[in-house]
Amino acid sequence: MDKRFEPRSYEAAWQRRWTERGYFRADPRSGKPPFCIMIPPPNVTGKLHLGHALQSTLQDLLTRWKRMQGYEALWLPGTDHAGIATQLMVERQLASEGMQRRCLGRERFLERMWAWKAQYQGNIRRQLDLLGASCDWSRERFTLDDGLSRAVREAFVLLYREGLITRGEYLVNWSPVLETAVSDLEVESRTVPGHLWHIAYPVEGSGERVVVATTRPETMLGDTAVAFHPEDERYRRWAGRHAVLPLVGRRLPFVADAAVDPEFGSGLVKVTPFHDPFDFELARRHGLPGVTVIDRRGRMTEEAGEELAGLDRFAARAQVVERLREQGLLVKVEEHVHNVGHSQRGGEPIEPLVSTQWFCDVSGMAERALAASPGGALRLVPDTWDRTWENWLETIRPWCISRQLWWGHQIPAWYDEAGRVWVAHDAVEAAALAGTEPERLTQDPDVLDTWFSSALWPFSTLGWPDDTEDLRFFYPTDVLVTAYDILFFWVARMVMMGLQLTERVPFHTVHLTGLIRDAAGVKMSKTKGNVLDPEDLVEEFGADAVRFTLASLDSPGRDVPLNREQMAGYRAFGNKIWNATRFALSRLEEVEGAEVQPALDVAGLAAPERWILSRLSRTAAEVGERLAAFRFDEACHRLYHFFWGDLCDWYIELAKPALSGEAPRPRVGEVLLTVLDSSFRLLHPVMPFLTEELWQRLPGHERIHPETIVLAPYPTREAAWEDERTEAQVGALMQLVTRVRALRAEHGVAPKAAVDVWACGDPETDRFLAEQLPLVRFLCRAETLHLAPPPPETRQDAVEGVALGIALPREPAQELGEDERRKLEKELERLEEAIRQTEGRLGDDRFTSKAPAQVVEGNRSRLRELEERRRRILATMQPIG
RNA sequence: AGGCCCGUAGCUCAGUUGGUUAGAGCGCUACGUUGACAUCGUAGAGGUCAGCGGUUCAAGUCCGCUCGGGCCUACCA
């Protein structure tokens, strides 16, 4: 076995072999119970970022764990066409060639898109392979492939025919840069500094003027009314009258509306129905018309007047303000900080515009989703998201699902020559409905929001709308792992569509991870360009260390600060595992018949063997429990401490005298190998490569599984191994050893130097120590271990009811040095304080009468221990006294 | 404006249903290469658990308030 731990030397080879042998391929006819996870499909042309690596690690961990538990585990991989994001990338590429998509035409542009997709297709898979992902690639899906496209059309038609999808003209969020509508979720409001312009509007036929306040003077050209609060005494008298729109001269009726806040600005609102959501709603209530003064590219229209037409809206703003100023209508300008919607993708300001779009009424689905959660069929982990989830579903509004893009699912709606719309699965069906020829129909040029197809992902990937074997077996799926930032974009919509189209919640548990943050605490995202490449980390630390780090950082409700030092630490953990195994194998080579045992009887084993098996059983129980609770961090920590602490620091040390033949004990080799086998299996879901590599080298591993650890059973609690008494006894021994080492260090005894040690406790402890004499000597590096009260000239202490003493090797030097005395005095002070506290507690009968007996007894024994230590330290300080 | 989360060691974070002495990793200090591992070992230093008040025999943990930081949702022009 190579002395060097080098993950690169085996990781890729195992991934290849596992795949070749089909271990990850799921079979609905296996007779095992199903377990299914759908990957949140990454952008097909993207690169995996650390968020993906985190989620993939957890999904793989769950999948491997369930596979080992005997489930038919399917982790279905795939990719998303990611409409806007991908189209932008190709458009950028075109731009670098001096071209635009519109010159190219739809058909040729889409050819470019598919070519681009083909080029990067393999990227995601390659990166998931590097991480050791156990996906079933035979079932890989892409949101634009034939099957999923059919599912999208089917869903659209079904929802349309139920009246849940409609087409209409509304004020929508419009990106003048992308030239498409976007949904509410794709708009993020940013707080930006701006101005509040107070503008005077003359009142028709009165000689008076009123003042309105606005943050967007350029939109005044589209004003069609002036509104005030119905109770506002200042303006009530204007009811029924008209104001005159400056610069344009349009007559604007005064309307009273309770939505107007009389406290804000002047208490008067200029109403611009087609360029402001608030005004749009207000205008609808009052039957007011609207005027479009800004176009789809963010420029002023003809309606805005000859001089401004064609100007960008922000340039127009300056001009409007200037002209108002000239005409003496600009009353006041205030600094004003306000919220402005920006595109979540490109960051450009979003323009509210009126346009004809397709909308999905999700209110009914939202109600069903609410009924399913929380505490129902759907569980969010951590459940701190419940309130947010409910709140969002309760206030949900129609979803604008059409996009003016080319890359995506073209909407299955056709228009006949009379402009009537026919929604159907294809042109032939549409033509039949329309009573015409397919050639005479024109398909709606728009595509669907990417999230529409994503919403169908859990079942479209399994063959829906067909009644497939996979769908019957694996659906509903089990767990969804994703970051909380797409809870609404994706999770909520999957739940809603799942309930609507399949009558089932598509998964019973959603595990929400935090977002990966970089060194500066900024969240990593594609658009921000601060993405760290998981590939580099795998190269540097190995996939297992990357996985272990990410899994152990997944604490509920917290973002994940990426910490390279920690990753290096977990690479060192791999090294520890490697070397412990190397040591065990080298020692056991000569031991005849030492093999991994599928079952192991503890009868006849010595205390250290009983102890490590007991610890192993408890660890298996705890890890299983923690995994079931989605506490991957705690599961990892327990595994780490079991292997490094219990196994390496203690058991292997305890095994050395036995393995070397100095103090033989029964079946030590069997136990060591069996513990390693179980440890590897416990660790396998999080560190698949290392554990397979080492497990394969264990003599007798075939008795657990003939081929691979991937399919070996996941260890569980072995109640017969658990032994409280041995754990307590060995635990005491460990503390004793630790205290002796501390005594040595405190009194400046060189690590190599052998000392005489005295130990004396109660008869039972003494008997146990007598049995373990060679071990204790070995671990304390004691020349002689006297099971007797420490004589006065020794340096003394006490632990676990055992009085300890060590005789310093240097002679006669029994005088305490300055340092030693200071340390002991400090320790004494601490002891006195603790004794005072504990005595105080025990002297208070409110405590002794109300606290549980166990806690009271705990305090009593603690007091005894403290007093014993005080006695021993005092004895040390006056040795010959 | 609502809702949520966070504040614990130098750094990044754990701390179940309140219970003896608040933990881990990294970093730091001292010593150490005796044959698994220096990607290591042994022993240490380091915390008024943001602050104030309350409930309780007992509070990092439960409740209220304050301060500080972050996030999400929202049509105040």
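For the numbers below, each heavy atom of this structure counts, side chains included, while hydrogens, waters and symmetry mates do not.
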| query | Could you write nucleotides 56-63 of chain B as a row of B, S and -, 5' to 3', where a protein heavy atom under 4.0 Å of any base atom gives B, of only sugar-phosphate atoms gives S, and otherwise -? | reply | -B------
| request: For A:Glu746 and A:Lys823, run salt bridge (charged side-chain N to carboxylate O under 4.0 Å, His left out): C-alpha distance rounded to whole Å, both residues' side-chain angles, the deciding distance at 0.1 Å, then the answer. | output: CA-CA 8 Å; A:Glu746 231 164 78; A:Lys823 276 187 216 163; over 6 Å; no
| query | Is a salt bridge present between A:Arg869 and A:Glu827, judged by a nitrogen-to-oxygen distance below 4.0 Å? | reply | yes
| Is A:Arg864 salt-bridged to A:Glu857, cutoff N-O under 4.0 Å? | yes
| Which atom of A:Ala256 lies closest to which atom of A:His286, heavy atoms considered | O-CE1, 3.1 Å
| request: Heavy atoms only: give me the nearest A:Arg234-A:Pro262 pair and the separation to one decimal. | output: NH2-O, 3.0 Å
Round to a whole Å and report the spacing from [atom1] of [X] to [atom2] of [N].
X: A:Lys3; N: B:rU33; atom1: NZ; atom2: P; answer: 16 Å
X: A:Arg864; N: B:rU20; atom1: CZ; atom2: C1'; answer: 13 Å
X: A:Glu186; N: B:rU73; atom1: CD; atom2: C1'; answer: 16 Å
X: A:Arg744; N: B:rG44; atom1: CZ; atom2: P; answer: 13 Å
X: A:Asn575; N: B:rU39; atom1: CG; atom2: P; answer: 8 Å
X: A:Glu622; N: B:rA14; atom1: CD; atom2: P; answer: 19 Å
X: A:Arg564; N: B:rG25; atom1: CZ; atom2: C1'; answer: 16 Å
X: A:Asn391; N: B:rG2; atom1: CG; atom2: C1'; answer: 8 Å

Looking across every strand, which nucleic acid part, if any, lies under 4.0 Å from [X] by heavy atom: base, sugar-phosphate, or nothing?
X: A:Trp644; answer: sugar-phosphate
X: A:Arg862; answer: base
X: A:Asn339; answer: base
X: A:Lys656; answer: base
X: A:Arg571; answer: base
X: A:Ala572; answer: base
X: A:Arg869; answer: nothing
X: A:Ser552; answer: nothing
X: A:Gly858; answer: base
X: A:Glu6; answer: nothing

I want to check one thing: is the phosphate of [N], taken as OP1 and OP2, less than 4.0 Å away from some side-chain N or O of [X]?
X: A:Arg387; N: B:rG3; answer: no
X: A:Lys576; N: B:rG41; answer: yes
X: A:Arg558; N: B:rA14; answer: yes
X: A:Arg397; N: B:rC75; answer: yes

| query | Do A:Arg4 and A:Asp2 pass the salt bridge (charged side-chain N to carboxylate O under 4.0 Å, His left out) test, and can you show the C-alpha distance, the side-chain angles, and the key distance before you say yes or no? | reply | CA-CA 5 Å; A:Arg4 284 190 43 185; A:Asp2 200 328; 5.9 Å; no
| note | Note: contacts of residues 210-222 of chain A with RNA chain B (heavy atom, under 4.0 Å) are A:Ala213, A:Thr214, A:Thr215
| request: Please list residues of residues 623-637 of chain A whose heavy atoms come under 4.0 Å from any atom in RNA chain B, ordered by number; otherwise none. | output: A:Arg631
Just how far is it from atom [atom1] of [X] to atom [atom2] of [Y], taken to the nearest 0.5 Å?
X: A:Leu553; Y: A:Asp559; atom1: CG; atom2: CG; result: 11.5 Å
X: A:Leu698; Y: A:Thr581; atom1: CG; atom2: OG1; result: 7.0 Å
X: A:Ile873; Y: A:Glu868; atom1: CD1; atom2: CD; result: 10.5 Å

Selection from [options] that lies nearest to any side-chain heavy atom of [X]:
X: A:Thr384; options: B:rU12, B:rC72, B:rC5; answer: B:rC5
X: A:Arg781; options: B:rA45, B:rA36, B:rU34; answer: B:rU34
X: A:Ala742; options: B:rA36, B:rA43, B:rC75; answer: B:rA43
X: A:Thr388; options: B:rC72, B:rG35, B:rG32; answer: B:rC72

When the [atom1] atoms of [M] and [N] are compared, how many Å lie between them, rounded to an integer?
N: B:rU73; M: B:rA22; atom1: C1'; value: 37 Å
N: B:rU21; M: B:rG27; atom1: P; value: 31 Å
N: B:rU12; M: B:rA30; atom1: C1'; value: 26 Å

| Verdict with supporting geometry, A:Phe254 and A:Tyr235, ring-ring contact (aromatic ring centres under 6.0 Å, His included) | CA-CA 9 Å; A:Phe254 282 94; A:Tyr235 304 118; 7.9 Å; no
| task | Answer yes or no: does atom CZ of A:Arg387 have more than 12 heavy-atom neighbours from other residues, nucleotides or ligands under 6.0 Å? | result | no
| note | With sequence neighbours left out, the residues meeting salt bridge (charged side-chain N to carboxylate O under 4.0 Å, His left out) with A:Glu839 are none
| remark: Residues at least two apart in sequence or cross-chain that pass salt bridge (charged side-chain N to carboxylate O under 4.0 Å, His left out) with A:Lys576, listed by chain then number, are none
| task | Ignoring hydrogens and angles, tell me if any N or O in the side chain of A:Ser189 forms a donor-acceptor pair with the backbone of A:Asn339 under 3.5 Å. | result | no
| query | When you match A:Pro751 and A:Tyr640 each to their closest nucleotide on RNA chain B, which lands nearer the 5' end? | reply | A:Tyr640
| field | Which residue lies more 5' along RNA chain B, comparing A:Cys648 with A:Arg830 via nearest heavy atoms | value | A:Cys648
| field | Ring geometry between A:His338 and A:His336 (parallel below 30°, tilted from 30 to 60°, perpendicular above 60°) | value | tilted
| remark: Applying the Watson-Crick and G-U criteria (both distances under 3.5 angstrom) with [ ] for crossing and | for other-strand pairs, one obtains for RNA chain B (((((((..((((.....[...)))).(((((.......))))).....(((((..]....))))))))))))....
